[in-house]
Amino acid sequence: MVAPTQFPSWQALAAHQQTLVDQHMRSLFQQDPARSDRFTLSAAGITLDYSRNRLTDDTVTLLLQLAQESGLAEGIAAMFAGDTINNTEHRAVLHTALRNRSARPVPVDGEDVMPTIRATLQKMRDFVTAVDEGSFVGYTGKPLRTIINIGIGGSFLGPKVVSDALKPYWKPGFDLRYVANVDGTDFSEACKGLDPETTLFVICSKTFTTLETLKNAEAARAWFLATGATQADVQHHFVAVSTNTQAATQFGIDANNMFDMWDWVGGRYSLWSAIGLPQALVFGMDVFEHLLAGAHAMDEHFRTAPLGENMPVILGLLGIWYQNFWGAESQAVLVYDEYLKDFPAHLQQMDMESNGKRVTKDGTAVTWQTGAVVWGGTGTNGQHAYHQLIHQGTRLIPADFIMPLRSHNPITDHHAWLFANFLGQQQALLEGKTAAEVTAELLAKGMSEADAKALAPHKVIPGNQPHNAMTFTLGTPEVIGALIALYEQKVFVQGHIWGINSFDQWGVELGKVLGNAVYKALQSGDTVGYDSSSAALIERFRAAQD
Ligand code: F6P
């Protein structure tokens with residue numbers, strides 16, 4: 001493959017960046033009143049205003065040239081066509097097929113996967129109906145109303161965002177909790193006070209080999225049996241979503257209560273599959289299918305819109321612009337929506353597990369930066385925490401601001417205040433405050449010239465901090481589906497241009513293997529082969545157990 005740094009556009013972007021170093025976005029807006037119109041896109045219910053970035057028309061032209069030189073259009077087509085783009089695991093990447101609402105067939109190894117996807121959706125619908133209507137009940141005949149999602153990583157983070165975001169659509173009487181961490185506190189707190197007779201555990205694990213999930217599933221079974229239920233009753237309270245039916249059967253799950261997954265769905269892209277069953281149980285299959293429809297709408301936009309009008313493409317290119325040409329190292333995601341509070345955590349897995357790679361698809365070490373450090377949280381809370389560093393710190397931190405224009409909970413004037421802060425922060429990031437402005441203000445308040453001079457440097461805010469504004473009318477299932485899909489495709493765009501495989505995750509394996517070995521050492525006390533620090537930590541842990 002050709003390194004992206006070898007593309008003419010890469011060299012041109014590096015030179016072009018130099019011409020913008022001394023440009024302030026304030027002046028870009030002053031010179032060009034139509035800037036916001038030109039740099040705003042809408043798709044699938046989401047509007048992206050990217051005018052508040054360090055860019056001009058030339059920048060966009062060069063970034064699009066980079067996309068073209070990398071063969072992005074062909075890459076997008078290859079993913080949707082089911083090509084084996086996950087080359088290290090020899091797999092297609094088809095989370096898009098899970099939400100394909102069209103009649104278009106999607107072939108894998110010559111076979112259309114859409115019939116099996118539709119059959120699984122129907123099985124989910126039947127199960128949700130059975131739980132709702134009481135034909136699938138607990139072992140004492142009581143309806144199942146508390147759902148426990150046992151799973152981690154992609155079997156937890158994305159699903160949690162979906163159920164939180166769509167809380168206004170939950171059916172009355174249902175509760176959904178999550179157990180992910182192997183820290184026993186997670187299980188204990190989630191199950192505290194629950195009635196086992198009305199509790200349904202959904203074991204969500206693509207592989208059914210993940211340590212945390214297996215330990216928590218075992219804990220759940222032991223908790224359930226300790227209440228007087230028998231092994232035969234397990235099938236009324238445990239269902240599984242996995243590709244590994246054998247392991248799920250061995251655990252005690254009835255084959256009828258297993259829901260299929262496929263190896264062409266990556267864990268962090270799996271919320272659209274039967275991994276979404278716990279969420280569908282609490283808000284219903286219709287809502288789940290609306291979620292799929294929203295994601296499909298974004299996919300269709302991504303698949304067919306010209307690169308320059310393509311929201312995931314633009315978002316991906318902007319990230320590349322800052323990470324590769326301005327030296328930014330992180331990407332903040334600032335959600336002005338309490339329902340989306342865990343969206344940054346989901347993006348951390350989606351983006352950092354996908355694009356945290358140091359070799360290209362052919363195994364050559366990269367000489368350019370790849371995935372950014374993704375972080376963030378909710379506004380306005382973040383304004384009283386880390387926004388200070390974005391406003392006045394020394395690092396360049398591009399930020400995505402995300403907000404619904406209407407609230408599901410419109411109490412008094414809260415939402416107007418939320419929006420006022422959403423925009424106020426962006427204005428501060430854009431415009432900042434110059435030394436002259438600060439000094440004039442201080443003098444106007446009656447401060448002496450000497451005091452104003454001393455204080456002014458502390459109050460200067462440089463502004464010119466790049467950010468995107470993403471808005472939508474209301475967090476409906478369709479919009480939430482589109483928003484998550486938008487970021488998935490952004491990650492794809494970046495991985496494609498960087499020439500890396502965004503769909504494997506070999507880096508997480510070593511820690512798992514070494515963790516298993518440490519567990520053995522904790523039991524045996526044999527620390528031979530460990531460095532002195534590790535041996536001491538093992539000893540300290542063992543000593544603390546007595
Ligand atoms: O963290 C590694 C990983 O494999 C993720 O990619 C995945 O989402 C998570 O573990 C859980 O895997 P599983 O669904 O197979 O239990």
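Any value given below was found using the heavy atoms of this structure, including those in side chains, with hydrogens, waters and symmetry copies removed. Heads up: numbering here begins at 1 and tracks the sequence. When a ligand or atom number is given, it counts from 1 through the structure's own listing order. Because the structure is predicted, anything quoted here is derived from the model rather than measured.
The side-chain heavy atoms of Phe503 and Trp264, taken from C-beta on, include no pair separated by under 4.5 Å. Contact check for Leu474 versus Pro404: no side-chain heavy atoms found under the 4.5 Å cut-off.
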Pick out the protein N or O atoms lying less than 3.5 Å from any N or O of ligand 1, and list each pair with its distance.
{"unit_1": "ligand 1", "atom_1": "1 (O)", "unit_2": "Glu353", "atom_2": "OE2", "d": "2.9"}
{"unit_1": "ligand 1", "atom_1": "6 (O)", "unit_2": "Glu353", "atom_2": "OE1", "d": "2.8"}
{"unit_1": "ligand 1", "atom_1": "8 (O)", "unit_2": "Gly154", "atom_2": "N", "d": "2.7"}
{"unit_1": "ligand 1", "atom_1": "8 (O)", "unit_2": "Gln349", "atom_2": "NE2", "d": "3.1"}
{"unit_1": "ligand 1", "atom_1": "12 (O)", "unit_2": "Thr210", "atom_2": "OG1", "d": "3.4"}
{"unit_1": "ligand 1", "atom_1": "14 (O)", "unit_2": "Ser155", "atom_2": "OG", "d": "2.8"}
{"unit_1": "ligand 1", "atom_1": "14 (O)", "unit_2": "Lys206", "atom_2": "N", "d": "2.8"}
{"unit_1": "ligand 1", "atom_1": "15 (O)", "unit_2": "Lys206", "atom_2": "N", "d": "3.3"}
{"unit_1": "ligand 1", "atom_1": "15 (O)", "unit_2": "Thr207", "atom_2": "N", "d": "2.9"}
{"unit_1": "ligand 1", "atom_1": "15 (O)", "unit_2": "Thr207", "atom_2": "OG1", "d": "2.6"}
{"unit_1": "ligand 1", "atom_1": "15 (O)", "unit_2": "Thr210", "atom_2": "OG1", "d": "3.4"}
{"unit_1": "ligand 1", "atom_1": "16 (O)", "unit_2": "Ser205", "atom_2": "OG", "d": "2.6"}
{"unit_1": "ligand 1", "atom_1": "16 (O)", "unit_2": "Thr210", "atom_2": "OG1", "d": "2.5"}

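The side-chain hydrogen bond (donor to acceptor under 3.5 Å, both in side chains) pairs that include a residue from residues 231-244 are Thr230-Asp233, where partners are two or more places apart or lie in different chains.
A salt bridge links Glu488 to Arg99: at least one charged side-chain nitrogen sits closer than 4.0 Å to a carboxylate oxygen.
Ring geometry for Phe302 against Phe80 counts as tilted: the plane angle lies between 30° and 60°, on a 0 to 90° scale.
At a cut-off of 3.5 Å, with distance as the only test, a side-chain donor of Asn355 or Ser502 sits close to an acceptor on the other residue.
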